[in-house]
Amino acid sequence: MAIEVRVPTILRSYTGGAKVVEGAGATLGALIDDLDAKHSGLKGRLITSEGALHRFVNVYVNDEDVRFLGALDAKLSDGDSVTVLPAVAGGALGFAAAAALLGHSSGSRAESR
Amino acid sequence: MARYESLLDACGGTPLVGLPRLSPTVPDGAPPVRLWAKLEDRNPTGSIKDRAALFMVREAEESGRLRPGDTILEPTSGNTGISLAMVAKLRGYRLVCVMPENVSAERVQLLRMYGAEIIFSPAAGGSNQAVATAKQISADHPDWVMLFQYGNPANARAHYETTGPELLRDLPTITHFVAGLGTTGTLMGTGRYLREKVPGIEVVAAEPRYGELVYGLRNIDEGYVPELYDATVLNRRFSVGTRDAVLRTRQLVEVEGIFAGFSTGAILHAALAVAHEAVKAGRRADVAFVVADGGWKYLSTGAYGGTLADAEEALEGQLWA
């Protein structure tokens with residue numbers, strides 16, 4: 001069972017610069033465990049110490065957000081494509097503007113640790 | 001109604017048109033699955049943002065936060081800036097937009113034509129620099145009014161009070177509503193209204209997947225979720241890659257004659273996904289989706305011509321606004 005995983009620029013330091021890696025698992029949680037075994041440290045960037053997806057990380061299976069598909073329990077099939085993306089809104093400028101104006105950028109960093 | 005007292009009164013009331021050629025075919029005897037496009041490019045400045053801009057300004061006037069002659073400050077290079085510029089002109093406000101100096105020429109020309117002032121931040125600093133500049137300006141001018149579309153309830157209320165009722169009036173059989181996710185105002189407002197009125201409705205979000213170059217500028221921990229966003233209003237959320245967004249945008253104009261911007265292509269991609277699922281399940285579906293703006297402001301990207309790969313490359317890393 002092979003699942004293609006697209007990794008955002010910001011996390012490629014964990015994958016040796018690779019944009020796309022392969023993993024295996026019947027659920028998203030299992031896939032992330034499998035990826036972490038090959039790319040140590042990746043799991044910590046995606047999952048909180050409480051075992052949930054980080055608030056500012058979006059994961060999509062075949063373009064669809066896993067938060068509406070059972071989150072870490074989302075079922076995966078052979079040939080599925082998984083994409084990891086930071087949460088964004090309203091275009092790059094709008095999103096960065098919103099974060100800065102609300103003073104969230106420093107707050108969110110502290111919160112997600 | 002086709003006669004209005006002023007341009008502001010002509011906001012909303014946009015047409016809903018069927019897409020007979022793009023709607024999936026169903027087996028003989030199966031219930032119909034139909035796609036419907038809400039043409040928000042027919043608003044006064046050509047985008048859905050006119051609704052939010054008008055409601056935000058009105059709300060600020062009614063609450064006394066905005067008084068005649070005041071200055072509105074908005075860090076935006078996109079449709080909201082253009083809408084605000086039009087409303088500000090007609091209501092007698094000064095508008096100052098902050099944006100990186102490398103935004104497209106069309107946008108600068110449009111904003112200036114509407115009378116907005118533009119403060120540029122250095123291109124090299126990207127959007128982070130624009131934000132820093134906006135923050136600085138805001139600190140120096142505490143009397144300037146920031147409407148802040150990401151957390152302004154009037155943004156969502158515009159859609160709760162206008163877009164939602166219009167859709168239900170024009171399509172009482174609606175089963176799915178699909179729109180773009182940015183400030184989340186469209187989905188939160190329209191979605192809440194339709195949930196109250198239509199049992200079992202599915203509210204579906206689509207967002208264009210932003211270019212990797214843009215992403216690379218930021219730390220993953222700095223992601224921001226708009227204050228307006230409430231995940232319980234949504235049933236599903238799709239992130240659509242540039243290639244699919246471009247493909248669908250082109251398909252929309254080639255097959256149905258609708259010339260739209262690229263976020264609409266992403267929205268159509270999600271609408272088609274839910275429509276095809278309904279066909280598979282043998283269920284009736286009336287899928288309404290939002291055409292957020294026309295394609296005019298994106299012509300200079302080159303993404304409407306040439307091969308799909310060329311178009312994809314042309315759009316990679318650009319700001320979607």
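Just so we're clear, the structure is a prediction, and the values are computed from it rather than from any experiment. The sequence lines fix the lettering, A, B, ..., with proteins before strands; numbering per chain opens at 1. These values consider heavy atoms only, across backbone and side chains, with no hydrogens, waters or symmetry-generated copies.
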Here the gap from A:Tyr60 atom OH to B:Glu207 atom CD, rounded to the nearest 0.5 Å, amounts to 4.0 Å
Which distance, rounded to the nearest 0.5 Å, do you find between the CZ of B:Arg209 and the OG1 of A:Thr83? 4.0 Å
Do [X] and [Y] come close enough that some side-chain heavy atom pair is under 4.5 Å?
{"X": "A:Asp63", "Y": "B:Asp244", "value": "yes"}
{"X": "B:Ser239", "Y": "A:Asn58", "value": "no"}
{"X": "A:Arg67", "Y": "B:Arg237", "value": "no"}

Shortest non-hydrogen pair, B:Phe238 vs A:Glu64, comes out as CZ-OE1, 3.5 Å
